[in-house]
**Student:** 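Let me give you the structure first, and then I'll get to my questions.
All values below were derived from every heavy atom in this structure, side-chain atoms included, with hydrogens, water molecules and symmetry-related copies excluded. For clarity, every value in this text was computed on a predicted model and none was experimentally measured.
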Amino acid sequence: MASASYPTIFRLSSDNFIPRPSPLGARLRRCHVTFCSLKVPQETQAKRIVTQLLSKGFNVKAGVRDVDSAKNNFPTDTNIQFVKADVTEGAAKLSEAIGDAEAVICATGFRPSLDFLAPWKVDNFGTVNLVDACRSIGVNKLILISSILVNGAAIGQLFNPAYIVLNVFGLTLVAKLQAEQYIRKSGIDFTIVRPGGLRNDPPSGNIVMQAEDTLFEGSISRDQVAEVAVEALLYPEASYKVVEIVSRENAPKKSLQELFASIK
């Protein structure tokens, strides 16, 4: 990718979007990853994202609820800084936590509990708080880890077993979908990544990437999800897109830049 090739970022001005160049790709070096503790699956995903960011030379600011616990779960690295961040506490505190990061990757997720509002507090209102924080301080890029089937009710998948199971705890997918819609209207350069079922084992098969609302089943390694999230920071072909991903043994191997470019 030529260093002079930039995607377009849109800023809100009255009721209209005003486009301007966004310095992503090789010039984007500071990334904030928002997650919680390191005791539930979402943080396993976030840890893999952080690891891949560090391997590509990014300076990483990891937003966590428990800084000491997070430090104990990562190897010492001068390019990572842990800051206290809780998406349920509002945009102002999140703005302070994000600081001078040029990009934000959101890998939050609620803890299953008897609180049926938990998905809304984290996956909906929490994501909205994060978007508002990004807008207030001029973050260039926002990556959201979401899920396939978030729009299941509208695309004939209301009785898909996965859609039913994922909505058992407080309509989780509905909460995620509304957060996605808020991001799409925010004016921030975004990439929404919707993975299939998440596997903790190493990658098997190649990544399949399709447009939104077209994948209804399948799974993918968390390592591959982390790869897609990080690579979305580097390529303008990923800008302003919602992509759905799974892995398949018989899928042809393609570069992520090629896969992003295939999504219109």
Side-chain angles (χ1 to χ4, degrees), residues 31-53 60-67 69-70 73-74 80-99 101 103-113 115-137 139 141-150 166-167 169-184 186 188 190-195 197-198 200 222 225-226 228-230 232-233 242 245:
C31 185
H32 176 99
V33 181
T34 297
F35 52 109
C36 299
S37 66
L38 289 168
K39 299 178 181 178
V40 294
Q42 288 80 6
E43 283 66 64
T44 301
Q45 182 64 71
K47 185 174 182 179
R48 297 178 195 214
I49 291 171
V50 169
T51 299
Q52 291 214 20
L53 285 167
V60 180
K61 184 176 288 188
V64 297
R65 292 196 300 182
D66 187 335
V67 172
S69 175
N73 281 276
F74 278 87
I80 184 170
Q81 175 189 0
F82 294 98
V83 294
K84 181 174 174 54
D86 186 332
V87 295
T88 66
E89 292 184 348
K93 289 185 177 181
L94 286 172
S95 297
E96 294 178 8
I98 295 168
V104 170
I105 299 178
C106 179
T108 55
F110 79 100
R111 295 171 181 266
S113 69
D115 181 2
F116 282 87
L117 291 177
W120 294 85
K121 292 176 182 177
V122 176
D123 292 318
N124 183 271
F125 303 131
T127 303
V128 167
N129 287 336
L130 189 63
V131 173
D132 288 345
C134 289
R135 285 180 58 188
S136 70
I137 58 177
V139 166
K141 180 79 178 187
L142 174 62
I143 312 290
L144 174 71
I145 308 299
S146 184
S147 173
I148 62 170
L149 291 171
V150 291
L166 290 170
N167 271 318
F169 293 101
L171 299 176
T172 305
L173 293 182
V174 178
K176 287 179 179 291
L177 177 63
Q178 291 192 13
E180 285 190 11
Q181 293 168 344
Y182 192 81
I183 290 173
R184 296 172 78 155
S186 70
I188 299 173
F190 68 86
T191 305
I192 295 171
V193 180
R194 295 177 177 176
L198 296 172
N200 290 322
R222 292 182 187 274
V225 176
V228 171
V230 173
L233 297 173
V242 179
I245 54 172

**Student:** Using side-chain heavy atoms (C-beta onward) and a distance below 4.5 Å, is Asn200 in contact with Arg48?
**Tutor:** yes
**Student:** Identify the residue among Ile192, Val193, Val230 that makes a side chain to side chain contact (heavy atoms under 4.5 Å, CB included) with Ile143.
**Tutor:** Val193
**Student:** Please list, chain by chain and in numerical order, all residues satisfying side-chain hydrogen bond (donor to acceptor under 3.5 Å, both in side chains) with Thr127, sequence neighbours excluded.
**Tutor:** none
**Student:** First locate atom CD of Glu89, then atom CZ of Arg65, and finally report the distance between them rounded to the nearest 0.5 Å.
**Tutor:** 9.0 Å
**Student:** Got a sec, which residues hit side chain to side chain contact (heavy atoms under 4.5 Å, CB included) with Leu171, two or more places apart in sequence or on another chain?
**Tutor:** Trp120, Asn167, Val174
**Student:** I'd like to check the side-chain hydrogen bond (donor to acceptor under 3.5 Å, both in side chains) partners of Ser147; sequence neighbours left out, ordered by chain and number.
**Tutor:** none
**Student:** Calculate, to the nearest 0.5 Å, the distance between atoms CD1 and OG1 belonging to Ile183 and Thr191 respectively.
**Tutor:** 10.0 Å
**Student:** Given side chains that start at C-beta, do those of Val122 and Val87 come closer than 4.5 Å, heavy atoms only?
**Tutor:** yes
**Student:** If you measure from CD1 on Ile145 to CD on Gln45, what distance do you get to the nearest 0.5 Å?
**Tutor:** 6.0 Å
**Student:** Hey, could you give me the CD/CG distance between Glu180 and Leu144, rounded to the nearest 0.5 Å?
**Tutor:** 6.0 Å
**Student:** Can you name the salt bridge (Lys or Arg N to Asp or Glu O under 4.0 Å) partners of Lys121, sequence neighbours left out?
**Tutor:** Asp115
**Student:** How far does NZ of Lys176 sit from OG1 of Thr108, to the nearest 0.5 angstrom?
**Tutor:** 7.0 Å
**Student:** Partners of Glu96 by salt bridge (Lys or Arg N to Asp or Glu O under 4.0 Å), sequence neighbours excluded?
**Tutor:** none
**Student:** Could you point out which residue of Asp123, Ile148, Leu166 forms a side chain to side chain contact (heavy atoms under 4.5 Å, CB included) with Leu173?
**Tutor:** Leu166
**Student:** Mind checking side-chain hydrogen bond (donor to acceptor under 3.5 Å, both in side chains) for Ser95 and listing every partner two or more places apart, or none if nothing turns up?
**Tutor:** Ser136
**Student:** Mind checking side chain to side chain contact (heavy atoms under 4.5 Å, CB included) for Val128 and listing every partner two or more places apart, or none if nothing turns up?
**Tutor:** Asp132, Tyr182
